[in-house]
Amino acid sequence: MRKPIIAANWKMNKTIKESKLFVQNFLFDYAPIGCDIVICPPVTSLSSVGSLLSDSKHSSSIKLGTQNCHWEENGAYTGEVSLTMLKELAVNSVIVGHSERREYFAETNQTVNKKLKSIYSQNLRPILCIGESLEQRESGNTFTVLSTQLNEGLDDISITSGEDIIIAYEPIWAIGTGNVATPKQIQAVHSFIRETLAILYSQSIAGTIRIQYGGSVKPANIESIMQLKDVDGALVGGASLEPDDFLSLIQIGCKAKEQILS
Ligand code: PEP
């Protein structure tokens, strides 16, 4: 059985003070509900958020993630942060290939691939984001785009267990727009991703890899998304910025999955 996983991507939001306040409030009201949680603050808040999480009684189910990394360990890469440095901050998961990084920072399937190899060499876990633009969807190229992102991103990468990777399907047209994909669209893509992973690895490994949906997920729509067979969680931007929203999204989403599985 795949344990649901909900991740918060705060993007370039929250000062250290705001991040600490969020985590304190979040932890105060958090009640475990059989889901894994990942919080990905901006890099400046990793240390404070990491300390609060690791000191909490929920440290086994709420992990620290980061939003990006460089693939080299060190060197002349002004402004970049390496995985060796991030590991010192007790980072557990790394978002790779987010569409905002692909669009604004020239991330390609090839740089994603280098980052993934580096993440594995440090024994960390990637959250690999893939997704099509509106133009690609409307021209009927969704599956081709996703297949290329998976095949090139995962080139020469060995995955031997479902724990090795999390895939986040994030249609670009749904991120931060309020235009959530329909349950039918989401299930069709998630099932396609699992089939592609089965070809790349094996049916049994693909059956254990968790696939998140991301794109305008909120407390009001998480239930129907989590009820879908091949959805194992969510990557959440806007609705992860307030503890109350994020907590209710987790409660509703995880309960919906639990009911479907029971
Ligand atoms: C994201 O950036 O990963 C995301 C899904 O954002 P939002 O939830 O705001 O659409």
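Heavy-atom basis, side chains included; hydrogens, waters and symmetry copies ignored. Residue numbers count from 1 along this sequence. Order of listing sets the numbers, starting from 1, for every ligand and every atom in it. Treat the numbers as computed from the prediction; the structure is a model and nothing was measured.
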Requested in this report: Just need the protein heavy atom nearest to atom 9 (O) of ligand 1, so name the residue and atom and give the distance.
Outcome: Gly238 N, 2.9 Å
Query raised in the report: Going from CD1 on Ile250 to CE on Met226, what distance comes out if it is rounded to the nearest 0.5 angstrom?
Result: 10.0 Å
Query raised in the report: If you draw a 6.0 Å radius around CD in Glu73, do more than 12 non-hydrogen atoms from other residues or ligands fall strictly inside?
Result: no
Query raised in the report: If you count the non-hydrogen atoms of other residues, nucleotides and ligands that lie under 6.0 Å from CD in Glu88, is the total more than 12?
Result: no
Query raised in the report: Side chains of Ile6 and Val217: closer than 4.5 Å at any heavy-atom pair?
Result: no
**Report entry** Point-to-point distance, once rounded to the nearest 0.5 Å, from CD1 of Ile127 to CD of Gln212
**Finding:** 5.5 Å
Requested in this report: Within a distance under 4.0 Å of any heavy atom of Ser216, pick out the atoms of ligand 1 and give their elements.
Outcome: 7 (P), 8 (O), 10 (O)
Report task. List every atom of ligand 1 that sits less than 4.0 Å from any heavy atom of Gly215, numbering the atoms from 1 in the order shown and giving each element. Result -> 5 (C), 10 (O)
Report summary line: If you scan protein heavy atoms around atom 8 (O) of ligand 1, the nearest is Gly237 N, 2.8 Å
Report task. Show which atoms of ligand 1 fall inside a sub-4.0 Å distance from at least one heavy-atom site of Gly176. Result -> 7 (P), 9 (O), 10 (O)
Query raised in the report: Less than 3.5 Å between some nitrogen or oxygen of Gly214 and one of ligand 1, yes or no?
Result: no
Query raised in the report: Do Trp173 and Glu135 meet the criterion of a side-chain donor-acceptor pair at a distance under 3.5 Å?
Result: no
Query raised in the report: What residue and atom, counting heavy atoms only, is the protein's closest point to atom 5 (C) of ligand 1, and at what distance?
Result: Glu170 OE2, 3.1 Å
Query - Heavy atoms of other groups near Lys14 NZ, more than 12 under 6.0 Å - result: yes
Report summary line: re atom 1 (C) of ligand 1, the protein heavy-atom contact at minimum distance is His98 NE2, 3.3 Å
Query raised in the report: If you measure from each non-hydrogen atom of Asn9 to ligand 1, which part falls under 4.0 Å: side chain, backbone, both or neither?
Result: side chain
